[in-house]
Chemist: 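Before anything else, here's the structure in question.
All values below were derived from every heavy atom in this structure, side-chain atoms included, with hydrogens, water molecules and symmetry-related copies excluded.
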Amino acid sequence: MNKHFTASSIPKGIHCLSLRLTDEYSSNAHARRQLPAPELLPLLSDNSYHHFILSTDNILAASVVVTSTVASSLRPEKIVFHVITDKKTYAGMHSWFALNSVSPAIIEVKGVHQFEWLTRENVPVLEAVESHNSIRNYYHGNHVAGANLIQARSPKYISLLNHLRIYLPELFPNLDKVVFLDDDVVIQRDLSPLWDIDLKGKVNGAVETCRGEDEWVMSKRFKNYFNFSHPLIANNLDSEECAWAYGMNVFDLHTWRKTSIRETYHSWNLKSNLTMWKLGTLPPALIAFKGHVHAIDPEWHMLGLGYQNKTDIESVKRAAVIHYNGQSKPWLPIGFEHLRPFWTKYVNYSNDFVRNCHIMET
């Protein structure tokens, strides 16, 4: 129970960082400078560049994702980062990247409130999830108790940021191919070869999670996410079908626009009464992207660093992207000590805002 409380809390240092940077946005014109510079704006929709998309309200985590991506790149001048955050975090997030250059890479920071397309009419899934009064009463077909109650009440499950990736073709209408990153990843190798992967007409390049050396982390099939005692699930899905991972995905937006992936995602979310699958955005995505996934080499994306404390260190060192999915995030006190240094090496502990918020290297 205590672990669930810790996992869903915001550390004081990270909260302080957001507040101080928001204040800086109000008082410092440099913190409000346009990102990117006006002459670079055309590059935000230039498909000859490598476009990364990150959706988060965690400024420190965002800084690690961006810094590690740029530091690991062989051609950082070809990188364009699109960081999307919520309205309350926008000023602080903008301040951080305005004051901490990632040159030669290019970065833009946008709040969800700045996307005209994101209206209630276009995003019915959010209203559907919010309207489920049963979110406090049921979880995966059973009465909610203890830790599951905390998880069910977690704001992230009804956060627009959490559903945002399903709307990428509409939010970035001029982009053809992008890499979407979660905020709990670290990039350790140049990712530019991802743009050369032939997705063979598929939409989503992802690592499958049903086979691999780690039998705990890499043993995920549909039966691990869905309630197959529910007739809609039993009649439409195969319990043994291999699952795949969010966290580092290559999306072909051009092909995606020709599909009904978004409509399928909405349809299943509207049908769900939270007894059909485990909480989160992956289960409905497993349905929506069915038939649209191209499996990529698992060395591109190593999972489980947030819950598998027996993770093989040599495998971590070899992976292009390491993912702290799970409760034990590296910025939390419950993060695994032996895995945290792979993340902390990209935190700028000499930064005045980081120091003044007493975010210390542990």
Side-chain angles (χ1 to χ4, degrees), residues 50-54 56 60-76 78-79 81 102 105 177-200 202 204-221 224 242-251 282 293-332 334-348 361-362:
H50 297 149
H51 295 266
F52 293 89
I53 300 174
L54 171 65
T56 179
L60 192 66
S63 76
V64 168
V65 175
V66 174
T67 301
S68 64
T69 304
V70 174
S72 302
S73 175
L74 297 177
R75 300 182 67 195
K78 296 296 288 184
I79 289 176
F81 250 101
V102 297
K177 201 171 191 179
V178 302
V179 169
F180 190 97
L181 298 171
D182 279 2
D183 65 1
D184 52 356
V185 304
V186 175
I187 313 307
Q188 303 187 125
R189 283 211 321 255
D190 176 47
L191 296 187
S192 56
L194 290 174
W195 274 263
D196 298 325
I197 293 177
D198 180 3
L199 297 182
K200 302 188 184 306
K202 306 295 186 183
N204 179 3
V207 167
E208 291 185 322
T209 52
C210 65
R211 57 183 71 89
E213 292 180 12
D214 190 322
E215 292 183 1
W216 185 24
V217 176
M218 302 299 281
S219 61
K220 305 294 192 301
R221 296 184 182 274
N224 299 103
C242 190
W244 49 267
Y246 264 157
M248 194 285 291
N249 302 85
V250 185
F251 288 126
L282 180 58
V293 178
H294 174 75
I296 62 175
D297 191 318
E299 283 212 351
W300 281 114
H301 183 191
M302 183 177 184
L303 295 131
L305 277 73
Y307 66 91
Q308 171 59 294
N309 64 352
K310 295 178 181 176
T311 296
D312 179 63
I313 294 297
E314 290 307 311
S315 297
V316 173
K317 291 177 181 177
R318 287 196 304 270
V321 177
I322 54 174
H323 192 176
Y324 293 83
N325 58 310
Q327 292 180 323
S328 300
K329 304 298 185 193
W331 56 83
L332 295 175
I334 57 173
F336 299 128
E337 292 297 330
H338 62 299
L339 299 176
R340 187 177 281 127
F342 293 96
W343 187 83
T344 56
K345 70 183 285 188
Y346 293 106
V347 177
N348 182 5
E361 189 166 10
T362 54

Chemist: For the residue pair I187 and L181, establish whether any side-chain heavy-atom pair is separated by less than 4.5 Å.
Modeler: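 The answer is yes; the side chains approach within 4.5 Å.
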Chemist: Mind checking ring pair (Phe, Tyr, Trp, His ring centres under 6.0 Å) for H50 and listing every partner two or more places apart, or none if nothing turns up?
Modeler: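 H50 satisfies ring pair (Phe, Tyr, Trp, His ring centres under 6.0 Å) with W195 only.
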Chemist: Looking only at heavy atoms, which two atoms of F336 and N309 are closest? And how far apart?
Modeler: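 Answer, listing the atom of F336 first, then N309: CE2-CB, 3.4 Å.
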Chemist: Hey, does Q327 have a side-chain heavy atom less than 4.5 Å from the side chain of Y307?
Modeler: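 Side-chain contact under 4.5 Å: no.
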Chemist: Under the 3.5 angstrom rule, does the side chain of S73 hit a backbone N or O of T69 as a donor-acceptor pair?
Modeler: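 Judged by distance alone, no pair lies under 3.5 Å.
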Chemist: F52 versus V178: any side-chain heavy-atom pair under 4.5 Å?
Modeler: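 F52 does not reach V178 side chain to side chain.
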Chemist: For T311, what residues pass the side chain to side chain contact (heavy atoms under 4.5 Å, CB included) criterion, not counting sequence neighbours?
Modeler: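 T311 satisfies side chain to side chain contact (heavy atoms under 4.5 Å, CB included) with M302, L305, Q308, V316, L339 only.
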Chemist: Check whether any side-chain heavy atom of L303 sits under 4.5 Å from a side-chain heavy atom of M218, and report yes or no.
Modeler: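 When only atoms from C-beta onward are counted, M218 and L303 do touch, with a gap below 4.5 Å.
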Chemist: Write down the atom of S68, the atom of S72, and the distance for their closest heavy-atom approach.
Modeler: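 Where S68 meets S72 most closely, the heavy atoms are O-OG, 2.8 Å.
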Chemist: Considering all heavy atoms of both residues, which atom of L332 and which atom of R340 are nearest to each other, and what is their separation?
Modeler: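 Nearest pair, atom of L332 first, then R340: O-NH2, 2.6 Å.
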Chemist: Got a sec, which residues hit salt bridge (charged side-chain N to carboxylate O under 4.0 Å, His left out) with R189, two or more places apart in sequence or on another chain?
Modeler: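 Listed in chain order: nothing, the list is empty.
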Chemist: Sequence neighbours excluded, which residues qualify as side chain to side chain contact (heavy atoms under 4.5 Å, CB included) partners of A243?
Modeler: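 A243: side chain to side chain contact (heavy atoms under 4.5 Å, CB included) contacts with T209, K220, Y225, L286.
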Chemist: Return the CD1 to CG distance between I79 and D190, rounded to the nearest 0.5 Å.
Modeler: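 I79 atom CD1 to D190 atom CG measures 7.5 Å (nearest 0.5 Å).
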Chemist: Given W343 and K329, is the side-chain contact (heavy atoms from CB on, under 4.5 Å) satisfied, shown in steps?
Modeler: CA-CA 10 Å; W343 187 83; K329 304 298 185 193; over 6 Å; no
Chemist: Assert yes or no for the condition that the ring centre distance of W331 to Y324 is strictly below 6.0 Å.
Modeler: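 No: the rings miss the under 6.0 Å criterion.
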Chemist: For Q188 and A319, work out which heavy atoms get closest and say how close.
Modeler: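 Nearest heavy atoms, Q188 then A319: NE2-O, 2.9 Å.
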Chemist: Applying side-chain contact (heavy atoms from CB on, under 4.5 Å) to V321 and L191, what does each step give before you reach the verdict?
Modeler: CA-CA 9 Å; V321 177; L191 296 187; 4.0 Å; yes
Chemist: Ignoring hydrogens and angles, tell me if any N or O in the side chain of D198 forms a donor-acceptor pair with the backbone of K200 under 3.5 Å.
Modeler: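 Present.
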Chemist: Could you go through F81 and V102, starting from their C-alpha distance and side-chain angles, then the distance that decides it, and tell me whether this counts as side-chain contact (heavy atoms from CB on, under 4.5 Å)?
Modeler: CA-CA 10 Å; F81 250 101; V102 297; over 6 Å; no
Chemist: I'd like to check Y346 versus V186 (side-chain heavy atoms, cut-off strictly below 4.5 Å). Are they in contact?
Modeler: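 Side chain of Y346 against side chain of V186, heavy atoms only: contact under 4.5 Å found.
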Chemist: Going by salt bridge (Lys or Arg N to Asp or Glu O under 4.0 Å), name the pairs with one or both residues in residues 297-310, residues two or more places apart or in two chains.
Modeler: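 Output for this query lists E299-R318.
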Chemist: Work out which heavy atom in D183 is nearest to a heavy atom in A61; give both atom names and the distance.
Modeler: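 Closest pair (atom of D183, atom of A61, distance): O-CB, 3.4 Å.
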Chemist: Less than 4.5 Å apart, any side-chain heavy atom of R75 and any of S192?
Modeler: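 No, side chains not in contact.
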Chemist: Just wondering, do W300 and I197 contact through their side chains at under 4.5 Å, heavy atoms?
Modeler: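 Contact flag for I197/W300 side chains = yes.
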Chemist: List in chain and number order the residues that pass side chain to side chain contact (heavy atoms under 4.5 Å, CB included) with D312, two or more places apart in sequence or in another chain; answer none if no residue qualifies.
Modeler: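 Per chain and number, D312 pairs via side chain to side chain contact (heavy atoms under 4.5 Å, CB included) with E314, S315.
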Chemist: Please name the pair of heavy atoms, one in A206 and one in A245, separated by the smallest distance, quoted to 0.1 Å.
Modeler: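 So the two residues come closest at CB-O, 3.9 Å.
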Chemist: How long is the span from the CG atom in D182 to the NE2 atom in H301, to the nearest 0.5 Å?
Modeler: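 It is 7.0 Å, given to the nearest 0.5 Å.
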Chemist: How about W244 and V207: do any of their side-chain heavy atoms sit closer than 4.5 Å?
Modeler: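 Counting from C-beta outward, W244 and V207 never come under 4.5 Å.
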Chemist: Take N204 and V250 through the side-chain contact (heavy atoms from CB on, under 4.5 Å) test and state the conclusion after the steps.
Modeler: CA-CA 6 Å; N204 179 3; V250 185; over 6 Å; no
